[in-house]
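Structure, as structure tokens:
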Number of protein chains: 2
Amino acid sequence: MIRITIFEDNDPLRQLLAAVLNASNAFTLAGAYPDATDILNDLKQEQPDMVLMDIDMPGVSGLQALKMIKQFNPVIKVVMHTVFEDNDKIFESICAGADGYLLKSATEQELLQSLLQVHAGGAIMTPSVARKVLTLFAKFAPAKKGEEYNLSDREKDVLRLLIKGYSYKMVAAELNLAVETIRTYIKRMYEKLQVHSMSAAVAKALKEGLV
Amino acid sequence: MIRITIFEDNDPLRQLLAAVLNASNAFTLAGAYPDATDILNDLKQEQPDMVLMDIDMPGVSGLQALKMIKQFNPVIKVVMHTVFEDNDKIFESICAGADGYLLKSATEQELLQSLLQVHAGGAIMTPSVARKVLTLFAKFAPAKKGEEYNLSDREKDVLRLLIKGYSYKMVAAELNLAVETIRTYIKRMYEKLQVHSMSAAVAKALKEGLV
DNA sequence: GTCCCTGTCCCCCAAAAGTGGACTTGCCCA
DNA sequence: TGGGCAAGTCCACTTTTGGGGGACAGGGAC
């Protein structure tokens, strides 16, 4: 039996969820609270395997609660539960280590199914949320690799060090080369990248995912 | 009826998929191919609403095919289909705009269900893939932690321009200020960021999502 | 009121960065 | 088999930065 704790400020909904989970033969309710004010104590006492967390709660928000849970014990799976598809909240939840993001519009079947899959080590999102995640992802990550600047190995070495804030001297020391040599690498690199300063090169490298 | 085209080099599997899709009353098979060598022509002739794409095919890979489809017509939904949970391929697929990423271990029910949800505008991933995506996401995205450097508005302005490769002079010109003023901002900023060069400041700003 | 942060400006000076050559070594290739 | 060419090594010269000072007005904070 999977021990699960619910945080949900809406009384009827919380009772419904509790009933649904208790009725299933896979879950046993460890606890059900209308808010997360005393969450750490609740968790310590009940030791749930997972938590179903409403995002919008008075007092401690679901997001804060999520962070506290993951800090307390990252093994506890946390599924966020909300009516809104708010990009920022989705984004924050994911970054805070949420294991799932379900809309309240999901059916009981879907909910149970999803919770089981999370317990099995997966992560779940309703398709509309998944769409947003993928969109966000594609926007954030795509260090577009399209541009190929043909930097030589040495040039990339140098670039990596520049990104760490090294000066010509420090790079030279690090690579056991003369400073003058470094100057040339950088010079040629600037030509390839079409920049004229370290900061521009570093910015380009980080933004386009070179190195 | 949703028009769908299949690319799958494994003959029995392709035939099975075709049969399953044809048997459902939601889909109609627009085409089924063992490879994507002539994909653009295939798409032009059949005008499918969506594509189920095997990733590992001889000749044109599923990844390449995905990119071609999205370039040809981004409206066509593409669901990637594979046996492997390969991080790189997941990553690339997402960045190339895939609308879903299904493992071949999914049941027929799940497959049909998922394709329907994609057609409805969602995105789908098997839970294990979703887990990887979330992990990648949390790693890639915004290291924007609580680090607060208390940069003033002007300092942030300057920082933004430095990231664009501007020199002190250019920043001064852009903001209609004396170069000496810019020097002061940058000096104070360096102290706050605890760096000693433009490149280090730019790197820090980009890595930690300041500005 | 005084203290401290911001915004604006100034000087000086040493160090670092940016640019223009120049030389050697390989390697590709015609 | 000699020319071209990218990469690796180095020097000289000019500009830009970085870090050290100060100055002064306006605004909150205390």
Side-chain angles (χ1 to χ4, degrees), chain A residues 64 143-211, chain B residues 142-211:
Chain A
Q64 291 171 291
K144 55 164 168 220
K145 321 226 159 189
E147 299 305 327
E148 192 45 74
Y149 297 100
N150 286 315
L151 296 185
S152 73
D153 290 344
R154 265 320 199 198
E155 286 163 356
K156 281 187 204 157
D157 287 344
V158 173
L159 187 48
R160 265 184 287 271
L161 293 173
L162 292 188
I163 288 174
K164 290 169 77 177
Y166 282 41
S167 67
Y168 286 31
K169 259 192 198 169
M170 293 160 79
V171 173
E174 183 75 20
L175 300 180
N176 287 315
L177 294 174
V179 179
E180 288 307 324
T181 306
I182 304 302
R183 306 174 78 72
T184 305
Y185 292 155
I186 292 183
K187 209 191 306 185
R188 289 180 184 159
M189 184 169 68
Y190 284 3
E191 242 178 283
K192 291 181 185 175
L193 296 181
Q194 306 207 67
V195 297
H196 308 279
S197 74
M198 244 165 98
S199 44
V202 166
K204 197 154 195 167
L206 288 177
K207 285 198 272 201
E208 306 196 10
L210 312 178
V211 298
Chain B
K144 75 170 44 193
K145 319 200 148 159
E147 294 311 326
E148 191 48 75
Y149 295 101
N150 285 316
L151 296 186
S152 73
D153 290 344
R154 266 323 200 193
E155 286 162 358
K156 281 185 205 158
D157 288 344
V158 172
L159 187 49
R160 266 184 288 270
L161 292 173
L162 292 187
I163 288 174
K164 290 168 76 178
Y166 283 40
S167 68
Y168 287 28
K169 267 191 195 172
M170 293 160 79
V171 173
E174 183 75 20
L175 300 180
N176 287 313
L177 294 173
V179 179
E180 285 307 323
T181 308
I182 305 303
R183 302 171 68 72
T184 305
Y185 293 156
I186 292 182
K187 266 190 275 192
R188 289 176 184 166
M189 184 170 69
Y190 284 4
E191 233 178 293
K192 291 180 184 174
L193 297 181
Q194 305 205 68
V195 297
H196 309 278
S197 72
M198 246 165 93
S199 44
V202 166
K204 196 153 194 167
L206 288 177
K207 284 198 269 200
E208 305 196 12
L210 312 179
V211 297

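Naming: A, B, ... by sequence-line order, numbering from 1 per chain.
Within residues 168-178 of chain A, the residues approached by DNA chain D to less than 4.0 Å at the level of any non-hydrogen atom are L177(A), A178(A), in residue-number order. Contacts between residues 193-202 of chain B and DNA chain C, counted as heavy-atom distances below 4.0 Å, involve no residue at all.
Here the closest non-hydrogen pair linking G165(A) and A200(B) is CA-CB, 3.8 Å.
Rounded to whole Å, the distance from CD1 on I182(B) to P on dG18(D) is 13 Å. Atoms CD1 (I186(B)) and P (dC9(C)) sit 14 Å apart, rounded to a whole Å. E191(A) places its CD atom 10 Å from the P atom of dA6(D), with the value rounded to the nearest Å. Rounded to whole Å, atom P of dG7(C) lies 10 Å from atom NZ of K156(B).
Contact check, R183(B) against dG19(D): no side-chain N or O comes under 4.0 Å of OP1 or OP2. Here Y185(A) reaches the OP1 or OP2 of dT9(D): one of its side-chain N or O atoms lies under 4.0 Å away. The side chain of T184(A) places no N or O atom within less than 4.0 Å of a non-bridging phosphate oxygen (OP1 or OP2) of dT9(D). Look at S152(B) and you'll find a side-chain N or O under 4.0 angstrom from OP1 or OP2 of dG7(C). Distances shorter than 4.0 Å separate none of the side-chain N or O atoms of K187(B) from OP1 or OP2 on dC9(C).
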Any N/O pairs under 3.5 Å between the protein and nucleotides 23-27 of chain C? List them or say none.
none

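One finds the CZ atom of R160(B) at 7.5 Å from the NZ atom of K156(B) (value rounded to the nearest 0.5 Å). Considering CG of L206(A) and CD1 of I163(A), their distance stands at 4.5 Å, rounded to 0.5 Å. One distance of note links CE of M170(B) with CG of L162(B); it measures 10.5 Å at 0.5 Å rounding. The structure places CD1 of I182(B) at 5.0 Å from CG of L177(B), a figure rounded to the nearest 0.5 Å.
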Check residues 183-195 of chain B and write down every donor-acceptor pair under 3.5 Å in which the side-chain atom is one partner and the other belongs to a residue at least two apart or another chain.
{"unit_1": "R183(B)", "atom_1": "NE", "unit_2": "E180(B)", "atom_2": "OE1", "d": "3.4"}
{"unit_1": "T184(B)", "atom_1": "OG1", "unit_2": "E180(B)", "atom_2": "O", "d": "3.0"}
{"unit_1": "Y190(B)", "atom_1": "OH", "unit_2": "M198(B)", "atom_2": "N", "d": "3.0"}
{"unit_1": "K192(B)", "atom_1": "NZ", "unit_2": "N150(B)", "atom_2": "O", "d": "3.0"}
{"unit_1": "K192(B)", "atom_1": "NZ", "unit_2": "E155(B)", "atom_2": "OE1", "d": "2.8"}
{"unit_1": "K192(B)", "atom_1": "NZ", "unit_2": "E155(B)", "atom_2": "OE2", "d": "3.3"}

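Remark: T181(B) engages no residue in a side chain to side chain donor-acceptor pair (under 3.5 Å) (not counting sequence neighbours).
Put simply, the side chain of L175(A) reaches to within 4.5 Å of the side chain of V171(A), judged on heavy atoms.
Mapping E180(B) and D153(B) onto DNA chain C via the closest heavy atom, the residue that lands nearer the 5' end is D153(B).
Screening residues 168-178 of chain B for side chain to side chain donor-acceptor pair (under 3.5 Å) gives no qualifying pairs among residues at least two apart or on separate chains.
Within the nucleic acid shown, Y190(A) comes within 4.0 Å of sugar-phosphate atoms alone, with no base atom in reach, counting heavy atoms only. S167(B) comes within 4.0 angstrom of the backbone, heavy atoms only, and of no base.
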